[in-house]
*Asks:* 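One structure, pasted below without further comment.
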Amino acid sequence: MGKRVAVVLAGCGVFDGSEIHEASAALVHLSRGGAEVKIFAPNIEQRDVVNHLKGSPAEEKRNVLVESARLARGNIQDLAELKASEFDAVIFPGGFGVAKNLCSWAVDGKNCTVNEHVKSTLQAFHSAKKPIGLCCISPVLAAKVFPGCEVTVGQDKNIDGRFPDAETASAIAELGCKHICKNVNESHVDKANKIVTTCAFMCKAPLHEIFDGIGTMVQEVLKLA
């Protein structure tokens, strides 16, 4: 029987929701791994809406659950309904929606607050010793909720201009967590906390390398499950 995995989304689109390629990659690798997947998102208003063509704010309001339903092909539930007891693992794709809608990292950095349902979900899986997979910016959720954990968002220096958000690693360290430097096609496993992370689009890399890196994260999550 395949592992039961919950996937938590933050909207639809890199600048104000879940990064579409990351969400798709996670779902493809979970499918390949024989997992039984259910998708969730918080039923809240987005912090902002971005015109992805112009890269500028749009004067409209959107709902995180409604927008995430686009990625889930309509098959999605309110995050408030997620019960950790019904799953073997949980995975959070990245995208600015994580830093805007699932927490306030985009505005407050390491002083951010985490959405109550996101926080309780993370704590429930952690308490049950079930694995948590996170990619791109979403490892900051673990860094905020689980002081002392180990995560990666890639490198802590902007090597060859490929890691423009390398300062995120320093903020993670300031939260009392250990940042592990990894390449885009790798993931890091915090065995003590069963947290698996990979940098994905925190690195400027070809899409297939990001896809492969997310694959290593998913594979490690399924092993731990």
Side-chain angles (χ1 to χ4, degrees), residues 2-3 5-10 12-15 17-35 37 39 71 88-99 102 105 122 125 130-143 146 149-173 175 177-225:
K3 302 298 181 182
V5 182
V7 174
V8 180
L9 300 180
C12 181
V14 58
F15 299 126
S18 288
E19 210 295 320
I20 293 170
H21 298 293
E22 290 177 10
S24 178
L27 293 170
V28 169
H29 287 296
L30 285 166
S31 176
R32 184 170 285 149
V37 176
I39 304 173
L71 284 168
D88 300 302
V90 64
I91 287 178
F92 289 76
F96 280 111
V98 172
L102 303 192
W105 187 278
L122 289 166
F125 277 86
K130 294 179 177 181
I132 299 167
L134 309 113
C135 65
C136 194
I137 191 62
S138 64
V140 302
L141 297 173
F146 307 118
C149 72
E150 298 177 356
V151 298
T152 188
V153 289
Q155 300 291 327
D156 56 11
K157 295 181 179 61
N158 189 10
I159 301 169
D160 298 327
R162 297 177 74 227
F163 294 90
D165 301 303
E167 70 277 1
T168 304
S170 300
I172 286 169
L175 285 171
C177 298
K178 186 174 183 180
H179 180 265
I180 310 297
C181 291
K182 290 285 183 178
N183 291 321
V184 68
N185 59 346
E186 300 175 314
S187 55
H188 176 70
V189 181
D190 178 347
K191 293 181 180 177
N193 291 294
K194 290 194 172 182
I195 295 171
V196 188
T197 50
T198 189
C199 69
F201 277 101
M202 293 292 275
C203 176
K204 289 185 176 180
L207 182 57
H208 71 277
E209 292 183 12
I210 291 162
F211 183 91
D212 291 345
I214 293 171
T216 68
M217 180 267 285
V218 170
Q219 288 164 15
E220 294 295 342
V221 165
L222 293 177
K223 282 182 194 174
L224 290 173

*Asks:* List the atom of Cys135, the atom of Pro93, and the distance in Å for their closest heavy-atom pair.
*Replies:*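 That closest heavy-atom pairing would be SG-CA, 3.7 Å.
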*Asks:* Considering residues at least two apart in sequence or located in another chain, which fulfil the salt bridge (charged side-chain N to carboxylate O under 4.0 Å, His left out) criterion with Asp156?
*Replies:*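 Scan of Asp156 (salt bridge (charged side-chain N to carboxylate O under 4.0 Å, His left out), adjacent residues dropped) gives none.
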*Asks:* Shortest non-hydrogen contact from Gln155 to Ala169?
*Replies:*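 So the minimum-distance heavy-atom pair works out to O-CB, 4.2 Å.
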*Asks:* Is there a side-chain contact between Thr168 and Met202 in this structure, where contact means two heavy atoms from C-beta onward sitting under 4.5 Å apart?
*Replies:*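 Sidechains of Met202 and Thr168: in contact.
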*Asks:* So, do Val153 and His179 sit near enough that their side-chain heavy atoms are less than 4.5 Å apart?
*Replies:*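 Yes, at least one pair of side-chain atoms sits under 4.5 Å.
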*Asks:* In Å, rounded to the nearest 0.5 Å, how long is the span from SG of Cys203 to CG of Asp160?
*Replies:*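 Going from SG on Cys203 over to CG on Asp160, the span is 10.0 Å.
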*Asks:* Give the minimum heavy-atom separation between Ala205 and Glu209, together with the two atoms involved.
*Replies:*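 Closest approach of Ala205 to Glu209, heavy atoms only: CB-OE1, 3.8 Å.
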*Asks:* About how many Å separate NZ of Lys178 and CG of Asp190, when rounded to the nearest 0.5 Å?
*Replies:*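 Reported value, rounded in 0.5 Å steps: 10.0 Å.
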*Asks:* Would you say that Lys204 contacts Pro164 through its side chain, given a criterion of any heavy-atom pair below 4.5 Å between the two side chains?
*Replies:*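 Heavy-atom side-chain distance check passes, below 4.5 Å.
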*Asks:* Where is the tightest heavy-atom contact between Ala200 and Val184, given as atom of each residue plus distance?
*Replies:*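 So the two residues come closest at O-CG2, 3.7 Å.
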*Asks:* Measure the CG-CG distance between Leu222 and Leu30 for me, rounded to the nearest 0.5 Å.
*Replies:*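 So the gap between those two atoms works out to 6.0 Å.
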*Asks:* Are any side-chain N or O atoms of Ser18 and backbone N or O atoms of Ile20, one a donor and one an acceptor, separated by less than 3.5 Å?
*Replies:*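 No.
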*Asks:* Kindly write out the residues that satisfy salt bridge (charged side-chain N to carboxylate O under 4.0 Å, His left out) with Lys223, not counting sequence neighbours, or none if the list is empty.
*Replies:*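 For Lys223, the residues satisfying salt bridge (charged side-chain N to carboxylate O under 4.0 Å, His left out) (neighbours in sequence not counted) are Glu220.
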*Asks:* Could you go through His21 and Ile214, starting from their C-alpha distance and side-chain angles, then the distance that decides it, and tell me whether this counts as side-chain contact (heavy atoms from CB on, under 4.5 Å)?
*Replies:* CA-CA 10 Å; His21 298 293; Ile214 293 171; over 6 Å; no
*Asks:* Taking the side chain as every heavy atom from C-beta outward, state whether Val189 and Leu224 have any atom pair closer than 4.5 Å.
*Replies:*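 Touching, per the 4.5 Å side-chain cut-off.
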*Asks:* Is there a side-chain contact between Val140 and Ile172, using heavy atoms and a 4.5 Å cut-off?
*Replies:*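 Contact flag for Val140/Ile172 side chains = yes.
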*Asks:* Can you name the closest pair of heavy atoms from Glu186 and Thr216 and give their distance?
*Replies:*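 What the structure gives for the nearest pair is C-OG1, 3.7 Å.
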*Asks:* Measure from the side-chain N and O atoms of Asn158 to the backbone N and O of Phe163, and report whether any donor-acceptor pair falls under 3.5 Å.
*Replies:*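 At least one qualifying donor-acceptor pair exists.
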*Asks:* Could you measure the distance from the CG atom of Asn193 to the CD atom of Glu150? Nearest 0.5 Å is fine.
*Replies:*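 Rounded to the nearest 0.5 Å, the CG-CD separation comes to 8.0 Å.
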*Asks:* Using side-chain heavy atoms (C-beta onward) and a distance below 4.5 Å, is Leu207 in contact with Phe201?
*Replies:*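 Yes - at least one pair of side-chain heavy atoms lies under 4.5 Å apart.
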*Asks:* Is it the case that the side chain of Lys3 and the backbone of Ala225 share a donor-acceptor pair, with hydrogens and angles ignored and the cut-off at 3.5 Å?
*Replies:*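 Here the side-chain-to-backbone pair exists.
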*Asks:* Could you point out which residue of Pro139, Cys136, Cys149, Ser138 forms a side-chain contact (heavy atoms from CB on, under 4.5 Å) with Thr197?
*Replies:*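 The option that passes is Pro139.
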*Asks:* Have a look at Val98 and tell me which of Val8, Leu9, Leu134, Leu141 forms a side-chain contact (heavy atoms from CB on, under 4.5 Å) with it.
*Replies:*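 In the set Val8, Leu9, Leu134, Leu141, the residue that makes a side-chain contact (heavy atoms from CB on, under 4.5 Å) with Val98 is Leu141.
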*Asks:* To the nearest 0.5 Å, what is the distance between CE on Met217 and CD on Glu22?
*Replies:*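 It comes to 8.5 Å.
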*Asks:* Is any side-chain heavy atom of Phe92 closer than 4.5 Å to one of Leu102?
*Replies:*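 Yes. Closest side-chain heavy atoms under 4.5 Å.
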*Asks:* Can you name the nearest heavy-atom pair linking Arg32 to Phe211, along with the distance?
*Replies:*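 That would be NH1-CE2, 4.4 Å.
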*Asks:* Side chains of Ile39 and Leu27: closer than 4.5 Å at any heavy-atom pair?
*Replies:*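 The answer is yes, as the side chains (C-beta and beyond) meet within the 4.5 Å cut-off.
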